[in-house]
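What you see is a predicted model, and the numbers here were worked out from it, not measured in a lab. Sequence positions, counted from 1, serve as the residue numbers for this chain.
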Amino acid sequence: MVGARPSGRFSGIPISKINANHCYDFRAPEQVNSATLINNACCKTKAARYSAVDMQDLAEFFGADSPLKDQLPGFQPREGQAWMAQAVADALAENGQLVVEAGTGTGKTFAYLLPALMSGRKTIISTGTKALQDQLYHRDLPLISKAVGRPVTTALLKGRANYLCLQRLDTIAGHSSEAAVAADLHAVREWRHRTTSGDRAELTEVAEDSAVWPLVTSTAENCLGSKCPAYQACHVVKARRAAQEADLVVVNHYLLLADLALKEEGFIEFLPGAEAIILDEAHQIPDLAAQFFGVSLGSRELERLFDELRGATMPVSQPGLQRRIDKAQTALKNLLAEAPRAEGRYELSAILPDVLRPLDNLRGALQTLQEAVSQVADASAGIDKLHEQLLGVIEKLSYFASDDSWDGLRWLDVNPRSLRLHVTPLDVADTLRGLIDNGHQSWIFTSATLAIGDDFSHYTERMGLPSAVGLTFPSPYAIEEHGLIWLPPGLPQPSDPEHTAEMLERVMPLLKMTAGGMFCLFTSHRALNAARRWIKTRRKRLAGRPLLVQGDAPRDDLLRRFREHGNAVLLGTGSFWEGVDVRGPALTIVAIDKLPFASPADPLMMARLEFIRRQGGNGFTEHQLPLAALALKQGVGRLLRDQSDFGVVVICDPRITGKNYGSVFLKCLEPMRSTESKSEVRQFLAAHETALRAKENSRQTA
């Protein structure tokens with residue numbers, strides 16, 4: 001039974017004794033002898049005042065007789081879950097700012113949902129992706145609401161691009177002759193009569209990236225608002241109204257940050273006012289905020305703007321207007337032609353001599369076009385809105401072509417058939433602090449990866465959270481027993497052309513030691529493709545196992561097949577490093593090619609490093625190193641997803657043992673131990689494979 005005070009796996013310090021100037025890490029007694037002081041100078045607010053009565057209530061809810069047992073098969077009491085719930089409850093009650101790192105298996109979702117439901121406060125919960133948002137709203141919330149037995153009005157709110165726009169659907173007829181788009185358009189028209197929410201996630205037969213969606217959804221720029229003839233039936237308006245009336249609203253980070261950015265500019269807030277805001281997967285916020293509080297303009301949105309202008313103004317008799325649209329389109333094509341051909345990100349100052357003239361020509365063509373459109377803007381609400389968009393685009397272009405733009409990094413993102421211009425602020429901490437530190441809201445930030453060891457300062461400084469309390473609840477799983485890190489000796493440096501091949505030479509023999517599957521996680525697409533080529537010329541090394549490669553199918557489909565095969569080898573990068581959950585013996589090895597340092601040439605990294613340099617700091621130790629350590633923590637976290645899981649993490653980067661900073665990475669992965677001995681890896685896997693077979697035999701016998 002979980003008690004009102006920490007016990008068992010916890011250190012035994014009474015919560016009421018938490019020092020007001022510090023935050024603590026509640027670890028198992030075998031890890032520390034007392035609550036470990038987190039070395040975080042920026043956590044200087046008063047600690048939450050814990051109520052023993054409240055703690056007892058939460059302990060009982062998450063204890064052995066929890067009502068969740070009837071709703072959640074396999075539920076087991078976890079002390080960390082109850083203690084996290086209490087910390088969240090107190091932060092909600094006192095309008096506090098709380099940063100919580102909750103290891104795999106803590107049960108952080110229910111640990112913040114329960115106090116949010118019982119607080120009686122208007123709450124917004126923001127998740128990292130729309131998929132997590134749907135899971136939280138459609139599965140987790142109903143489950144815990146039923147267990148609590150307390151009715152709470154909830155709402156799901158997404159960005160306007162996720163909702164069918166009836167007005168645009170009615171006016172798009174005949175605009176596209178492409179067969180694929182025509183088929184999808186027909187499906188959308190059929191669906192409009194069945195849907196009540198207008199959420200495009202309902203229409204699964206139309207691909208998420210279908211070209212029809214930009215045609216039948218709106219943006220903040222092209223929405224007609226109250227002037228729209230379909231305003232009363234608008235799905236976005238209905239979703240907003242439902243959110244305004246709800247006690248708890250589930251959103252995603254993109255929507256939350258878009259709302260904060262709009263309020264920063266003095267616009268009417270998109271989200272309803274809230275007394276508490278909880279951000280799950282909060283490690284994503286700093287980089288996302290840098291994008292939202294910057295300026296961005298893409299060639300595809302310009303192309304859509306031109307198409308809509310042509311269609312809207314065709315009935316208007318205006319000499320030369322269509323020719324001016326043609327000239328603007330030609331100017332955009334010239335910019336695309338003069339931009340770098342190779343896909344990637346470029347600092348604008350380095351390529352400005354090549355693109356300055358086409359940028360100026362595009363701005364001039366747009367200026368001429370908007371002058372013509374202004375003459376007919378009164379003809380309809382649609383044309384008037386398009387004219388507003390043109391003015392906004394011209395203003396944005398001035399940021400990219402001028403050295404006098406506000407303090408930020410200008411850069412260009414080149415894709416195969418498009419480009420996007422950006423101005424990214426060097427630092428968003430002050431902006432976020434101004435939005436968060438308003439005194440009348442509680443803010444909860446939680447993720448499995450927020451701290452470097454016991455230190456939250458890297459995160460709290462980027463977020464502008466000098467007063468936040470930080471708590472760490474390590475995974476309740478026996479990670480030190482079920483996980484092992486292998487550091488293969490003798491590997492070449494990551495820059496060596498043979499590194500990927502040498503990595504696979506070390507990793508592939510492990511397949512003979514386990515019946516389970518393997519993730520090979522790469523830090524670049526180049527390395528992933530090199531691994532694909534290497535394996536395809538050495539198929540026998542797979543010993544009949546299926547090979548799954550990122551890009552050959554959607555991520556969710558690859559993961560489904562990986563789970564079903566039970567012994568596959570999957571090659572992935574990027575999105576496979578986080579948010580991937582494969583439980584059981586289907587995954588027993590995670591091999592990582594290199595320490596995941598972001599490229600110093602990446603514009604987002606360049607902006608941050610420039611800011612640190614101006615502050616007199618060291619960009620490597622203050623940003624590149626902790627960011628890479630957190631990214632490695634995410635990748636390693638793919639392995640042990642359940643209390644019975646076991647496996648080996650292989651880190652194929654000699655810098656982890658050859659450089660002084662390698663200890664930072666290993667500390668982040670504690671309490672999982674590391675070894676350079678292959679025989680120790682063999683013994684570890686053999687012991688766990690034997691125990692697993694014995695368990696399966698016992699189950700079959702029973």
Side-chain angles (χ1 to χ4, degrees), residues 160-161 165-177 211 213-231 234 236 262 265-268 295-338 355-402 405 418-421 423:
R160 65 171 66 248
C165 175
L166 300 173
Q167 189 270 340
R168 288 175 64 79
L169 178 62
D170 288 338
T171 57
I172 203 66
H175 281 200
S176 178
S177 58
W213 289 123
L215 303 177
V216 297
T217 58
S218 68
T219 65
E221 289 77 19
N222 63 30
C223 176
L224 300 180
S226 58
K227 297 179 182 178
C228 178
Y231 182 76
C234 176
V236 173
L262 286 175
E265 297 175 9
F267 288 85
I268 297 173
V295 177
S296 175
L297 179 65
S299 60
R300 285 182 176 169
E301 63 194 77
L302 279 176
E303 289 165 356
R304 284 198 295 270
L305 176 58
F306 296 149
D307 288 343
E308 291 184 20
L309 267 171
R310 192 179 298 281
T313 59
M314 192 74 73
V316 180
S317 177
Q318 174 66 20
L321 180 54
Q322 298 299 320
R323 288 196 300 273
R324 293 190 187 192
I325 296 175
D326 292 338
K327 288 182 179 179
Q329 288 179 314
T330 300
L332 177 59
K333 290 177 182 177
N334 289 339
L335 174 60
L336 288 166
E338 295 297 328
V355 299
L356 183 57
R357 183 186 295 274
L359 266 177
D360 283 340
N361 290 341
L362 176 59
R363 186 167 49 167
L366 289 170
Q367 182 64 46
T368 302
L369 175 58
Q370 79 83 17
E371 290 170 358
V373 175
S374 68
Q375 301 299 315
V376 296
D378 293 337
S380 71
I383 297 177
D384 186 43
K385 193 69 177 181
L386 291 168
H387 180 240
E388 288 182 17
Q389 289 184 63
L390 271 175
L391 291 172
V393 165
I394 294 168
E395 182 181 2
K396 284 183 177 182
L397 281 174
S398 66
Y399 284 109
F400 307 120
S402 172
S405 59
S418 66
L419 60 80
R420 179 167 284 275
L421 294 148
V423 180

Which atom pairs, one a donor and one an acceptor, fall under 3.5 Å between side chains of residues 358-369 and the rest of the protein, sequence neighbours left out?
unit_1 : atom_1 : unit_2 : atom_2 : d
D360   : OD1    : R363   : NH2    : 3.2
N361   : ND2    : R357   : O      : 3.4
T368   : OG1    : G364   : O      : 3.1

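Side-chain contact annotation: S296 with R420, donor-acceptor N/O pair under 3.5 Å present.
Residues L336 and S299 meet the side-chain proximity criterion, which asks for heavy atoms closer than 4.5 Å. Between K385 and E308 there is no side-chain heavy-atom pair separated by less than 4.5 Å. Considering only heavy atoms from C-beta on, K333 stays 4.5 Å or farther from T330 through its side chain. Side-chain contact between R168 and L224 is absent, with no heavy atoms from C-beta onward closer than 4.5 Å. A 4.5 Å side-chain heavy-atom check between L332 and F306 finds at least one atom pair inside the cut-off. Residues R310 and D326 have side chains in contact (heavy-atom distance under 4.5 Å, counting atoms from C-beta outward). Put simply, the side chain of R304 does not reach to within 4.5 Å of the side chain of N222, judged on heavy atoms. Looking only at side-chain heavy atoms (C-beta outward), L397 and L421 come within less than 4.5 Å of each other.
Heavy atoms only, all atoms of each residue included: G311 and P315 are closest at O-CD, 3.7 Å.
Rounding to the nearest 0.5 Å gives a distance of 10.0 Å between CZ of R324 and CD of Q370. Rounding to the nearest 0.5 Å places OG1 of T313 at 12.5 Å from NE2 of H387. Rounding to the nearest 0.5 Å gives a distance of 11.0 Å between CG of L309 and CE of M314. Atom CD of E301 is separated from atom CD of Q389 by 9.0 Å, given to the nearest 0.5 angstrom. Annotation: the span from C165 atom SG to D170 atom CG amounts to 8.5 Å, rounded to 0.5 Å. Distance check, rounded to the nearest 0.5 Å: CG of L390 to CD1 of I383 gives 11.5 Å.
Shown here is K396, whose NZ atom has more than 12 heavy atoms of other residues, nucleotides or ligands within 6.0 Å.
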Practice item. Show your reasoning for whether side-chain contact (heavy atoms from CB on, under 4.5 Å) applies to Q329 and D307. Key: CA-CA 10 Å; Q329 288 179 314; D307 288 343; 3.9 Å; yes
